[in-house]
Amino acid sequence: MIHSLFLINSSGDIFLEKHWKSVVSRSVCDYFFEAQERATEAENVPPVIPTPHHYLLSVYRHKIFFVAVIQTEVPPLFVIEFLHRVVDTFQDYFGVCSEPVIKDNVVVVYEVLEEMLDNGFPLATESNILKELIKPPTILRTVVNTITGSTNVGDQLPTGQLSVVPWRRTGVKYTNNEAYFDVVEEIDAIIDKSGSTITAEIQGVIDACVKLTGMPDLTLSFMNPRLLDDVSFHPCVRFKRWESERILSFIPPDGNFRLLSYHVSAQNLVAIPVYVKHNISFRDSTSLGRFEITVGPKQTMGKTIEGVIVTSQMPKGVLNMSLSPSQGTHTFDPVTKMLSWDVGKINPQKLPSLKGTVSLQAGASRPDENPTINLQFKIQQLAISGLKVNRLDMYGEKYKPFKGIKYMTKAGKFQVRT
Amino acid sequence: MTDSKYFTTTKKGEIFELKAELNSDKKEKKKEAVKKVIASMTVGKDVSALFPDVVNCMQTDNLELKKLVYLYLMNYAKSQPDMAIMAVNTFVKDCEDPNPLIRALAVRTMGCIRVDKITEYLCEPLRKCLKDEDPYVRKTAAVCVAKLHDINAQLVEDQGFLDTLKDLISDSNPMVVANAVAALSEIAESHPSSNLLDLNPQSINKLLTALNECTEWGQIFILDCLANYTPKDDREAQSICERVTPRLSHANSAVVLSAVKVLMKFMEMLSKDLDYYGTLLKKLAPPLVTLLSAEPELQYVALRNINLIVQKRPEILKHEMKVFFVKYNDPIYVKLEKLDIMIRLASQANIAQVLAELKEYATEVDVDFVRKAVRAIGRCAIKVEQSAERCVSTLLDLIQTKVNYVVQEAIVVIKDIFRKYPNKYESVIATLCENLDSLDEPEARAAMIWIVGEYAERIDNADELLESFLEGFHDESTQVQLQLLTAIVKLFLKKPTETQELVQQVLSLATQDSDNPDLRDRGYIYWRLLSTDPVAAKEVVLAEKPLISEETDLIEPTLLDELICYIGTLASVYHKPPSAFVEGGRGVVHKSLPPRTASNESVESPETAPAGAPSNEQPDVIPTQGDLLGDLLNLDLGPPVSGPPLATSSVQMGAVDLLGGGLDSLIGGPNFVAPPAAAVPANLGAPMGSGLSDLFDLTSGVGTLSGSYVAPKAVWLPAMKAKGLEISGTFTRQVGSISMDLQLTNKALQVMTDFAIQFNRNSFGLAPAAPLQVHAPLSPNQSVEISLPLNTVGSVMKMEPLNNLQVAVKNNIDVFYFSTLYPLHILFVEDGKMDRQMFLATWKDIPNENEAQFQIRDCPLNAEAVSSRLQSSNIFTVAKRNVEGQDMLYQSLKLTNGIWVLAELRIQPGNPNFTLSLKCRAPEVSQHVYQAYETILKN
């Protein structure tokens, strides 16, 4: 199982280590540093690195490497999932997960890690259980603790830990009972030069924020559940009920959680809401090139596209770009060769465009590769797959909760080749 | 007010100051001090000097302080074992605390203190905690058993903790069950022989129930444990699969992959006709696709596993090609894996899309990725024949880009395409030649030279081209030098008139000016061939080359089957069985898929090998000659010989060199399997090692023959292939023992001694039971008969054909290799008679697609005679019926490895043609059983 954990920052310093079995010398990380050196960018460090006596499994998040050391055959996904869970927990506890924050809260971090694993076996990873065991730091609590001498370690066994609903603690009380659901869909797509879709898929999630008193039992039904044929559920969802009736029935965890994630891949179901017209050419004869892109709406179901940001990694041979946008602001970083254009809203009557010239390294040959254009955008009040919630009912409690459902579509990895 | 204050140091010396604070009377101050100590610990500072002071703080009702002290103890107890004893009392007391949280904490921490003296005190509290009324304590205690086992395995066994742990599998609380399973699995991993997790339908049922209720991590442990179980029949397999499938919708990808493992393994037992089989296949695709939208690290592991799944069952993801298309900002390790899977999924239906993508990738920035993309285009051409033309034109387009590394990579793959489709795309050679100057990598240069040499007759200025390479001959890498030598010899054989000078130049460069033995040897072979017999030279050098096939990059089927059992583990990431990399000492149990009930679908190769010799078209089953030689040579050849070891090794070197290095590349391609020793010029490799003394015991071998049918001896190794040693032989089986009867004849002019024999791994594990014993040195023209007893406990590797046996024989002159086919009936065991009821049940149980029908023609015997003759070869008649004038014989036989074969033989009186129906769970053997029937009945 998981032997040890090292946290390493991007400059290669180990700033935290935790061992759950015997102590593993930090020199084991040398193998990691070697791999880090070989990979040109931090993102490219391979997640599984063998060393003579151990295996190093790592994830890279928030500019920190979380490196787990294992000695025997352990499912690598198990370890990687766990590491991601550690990051999520830190984020949950401290708001952000960064080196200074972890250093500032090192004792809490250490206590939390100790609760999460025992001898390498996961012990408590549900955030509501953890928070009962180790209270997250707040300014108020710190002040109170210093005055009264009380601690931020709970001395009672968390109630949820062994119940059939480990994700929910008992005795929850709210004055305002509310349940909000966000249906968020991200479109991953690759569009080729001519504008036709090579692949497109939707990654959807339903995130919930449920603040309800007692032990409510919720059911959520959809207008078109047939869309959801590839789903992953939070453990609270009763799978049998979904299988037979296509209804989500569950006792929700308290607070924020991801109820379900789904995947829609059938091409005909994926509408592409924007198009990009581009004309980029690097000429051989002169050291100038032409650059022109226009963004416009395609299938938006009548909604406005906002928060549009266009980025593109220019080839190495590009020295500078002199461009003028019809709206928004743009930047070009001559060091990283990254072009970024913050477009804002798309007005269908007056399509935003960015035009200008590219200055190339004199004498060098034409760049070989074509830049790929990366697109970000948001559409409010629309789930692009057409998914719609039919109704939300609550059983088991008598009060009437506030209910709300919000839809949103975003670009995921949305790429246009040129 | 943050913890960073704990890191600040003062000038006085940190340790000194902390010591004072730890001994302070104020509770608050103490706690702050311990926090400082912990903070130093997290960054790897040594604070062990404070041990007694920290331990003194342990006696407290403040839970946070207690926890902090415990954290410290776990880290440093080992360095201060005597001091650690001081803590024992508190632990024991805490184990009795009314608060379950404290009881659990105490037992948990105690287990983490890896000090022998403490473990003795741990036993009693642990025993109590394992039976604690609170499940939280029990589940903590379960893990503690694993910890203790790691420190002192004997103690755990003596105290009977393992049995208590096994009882916890039946606990009422699913969390406790999950932890018990996890602990047992971890213990079992270090003791593979102990039968700790003894799985039976009852315990499986309990696990499946717990599976629904426990945490995600517990589910992983349970699923991994389930995967080790072998259901008794397909019905049980199906019912387990049904209960596992809901896990495919879990949000935790590790749960999903473990579930996939269970399903992939048990699916093996399901019949393909079953509706459920199809449903299951459909259910597997979406979760695998979903894994690809997770974080890149998860994607990587998932992709490595999908690579295995796609090779085992391509049908699952055949429609999902697009999800493997590469995004330009994927990390490189994800890109490379996706590319690999794209090629595996490429088929005629989707090849256009794949090629368009690959072409796109070839213009990306990352050099490694671009190279692999270009290589992938070549692999597509070899895999999907219909696309070859399109692939070639895509490659030509890429060559036009003139990007250096793209051009070089393209030339390397075009060479492979020529090897697969000879005389089809030679029109592109002109384009290739234009880029000759830009090639600076050895592999690309070698490829280009090979192309020029191979098609010398079509390239007008081939001699000029090759000559231009020759100028810097000594600066080239070995690969290029060897290729250049061969190419010029080919050129000479094709156009002898103009190129005599060139060939002489290269031969002298290779033989006289080079100090590379490979190059020199090859130069000499050519020189001698050309000078003694140009016709023979032509036959050898311009021999027809075997075609290469796409299978070379597939994982070998037995390994693949083993890896399928390890889905989701490190083994699946490295594509190696755990035995290949798990730390030594701990034996690793080989896992295998449950026996198939489905029809024979593991088609290794389109062609079946001609009997007798290893065929060239089967790179995936028969190891390449080089490997085989290595394999055989690495085995111990009989008892140790006292002769000079140097001599032996040089003989081996010679053989490896000639076959592995020389001929292989001499005839060209990377995937070439050299024909058996035939091509080795007989006058090369001087006899060596004659000083070896004979240590073998001398006993007589040949006995009288009775029992099962024995074929007459056939020549297995002709004298001309083995420097005068002729071996003929046959196989016999008498009263339960198998032997190989050999006749060794010395047709050389010198005395032969020091015989030894060794088998390569084979399908049934045949191996010599005793060393080869030859009475005395074998004089010229003398022969000797020997019976070599065999057993079936050797190592097993599936061969093609199934009954192929590769043998190495050594004598004082050299080591020789041959392969032979053994008749399957020598493997029919004496207790192969099945009980009638059993026969009926088994016959029904084996699915119909496993049934094979054969005709035995022109057999003059009647039913009685047939039955008795077969009986003497251990094919037993279970029952006999007469239906509509036909005699139906129901027969059974069992192979040495426990495989049962059931037969129905239909005999019509007066008709010499019999119908034989065979049913077996391993349908591969049917064909060979039929052959055994034929031989027994007709001789």
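Order of the sequence lines sets the chain letters (A, B, ...), proteins ahead of strands, with each chain counted from 1.
Distance alone, capped at 3.5 Å, is enough to place a donor-acceptor pair between the Asn44(A) side chain and the Ile332(B) backbone. The backbone N or O of Tyr328(B) lies less than 3.5 Å from a partner atom in the side chain of Lys335(B), making a donor-acceptor pair.
Proximity to chain B (any heavy atom under 4.5 Å) is shown, for Tyr60(A), by both the backbone and the side chain. Gln219(B) does not touch chain A: none of its heavy atoms, backbone or side chain, sits under 4.5 Å away. At a 4.5 Å heavy-atom cutoff, Ser25(A) makes no contact with chain B through either its backbone or its side chain. With a threshold of 4.5 angstrom between heavy atoms, Val37(B) does not approach chain A through any atom at all. Looking at Tyr361(B), the atoms closer than 4.5 Å to chain A (heavy atoms on both sides) all sit in the side chain, from C-beta outward. For Pro50(A), the parts sitting under 4.5 Å from any heavy atom of chain B are the backbone and the side chain alike. For a residue to count as touching a neighbouring chain, one of its non-hydrogen atoms must lie under 4.5 Å from one of that chain's; by this rule Leu68(B) touches chain A with the side chain only. Interface residue Glu243(A): only side-chain heavy atoms are found under 4.5 Å from chain B. Heavy atoms closer than 4.5 Å to chain A are found in the side chain of Ile220(B), but not in its backbone. Of the atoms belonging to Lys283(B), it is side-chain heavy atoms, and not backbone ones, that fall under 4.5 Å from chain A.
Note that Lys18(A) lies in the cation-pi zone of Tyr110(A), set by a 6.0 Å cut-off to the ring centre and a 45° limit from the axis.
Among Ile190(A), Val48(A), Ile70(A), the residue making the largest number of heavy-atom pairs under 4.5 Å with chain B is Val48(A).
Interatomic distance, Asn329(B) CG to Thr311(A) OG1, rounded to the nearest 0.5 Å: 8.5 Å.
Using modelled atom types and a 3.5 Å distance limit, the side chains of Arg247(B) and Asn252(B) yield no donor-acceptor pair.
Taking Phe121(A) as the reference, Phe221(B) meet the ring pair (Phe, Tyr, Trp, His ring centres under 6.0 Å) condition, with sequence neighbours excluded. Listed by chain and number, the residues in a side-chain contact (heavy atoms from CB on, under 4.5 Å) with Thr140(B) are Asp118(A), Ala104(B), Val107(B), Arg108(B), Tyr136(B) (sequence neighbours excluded).
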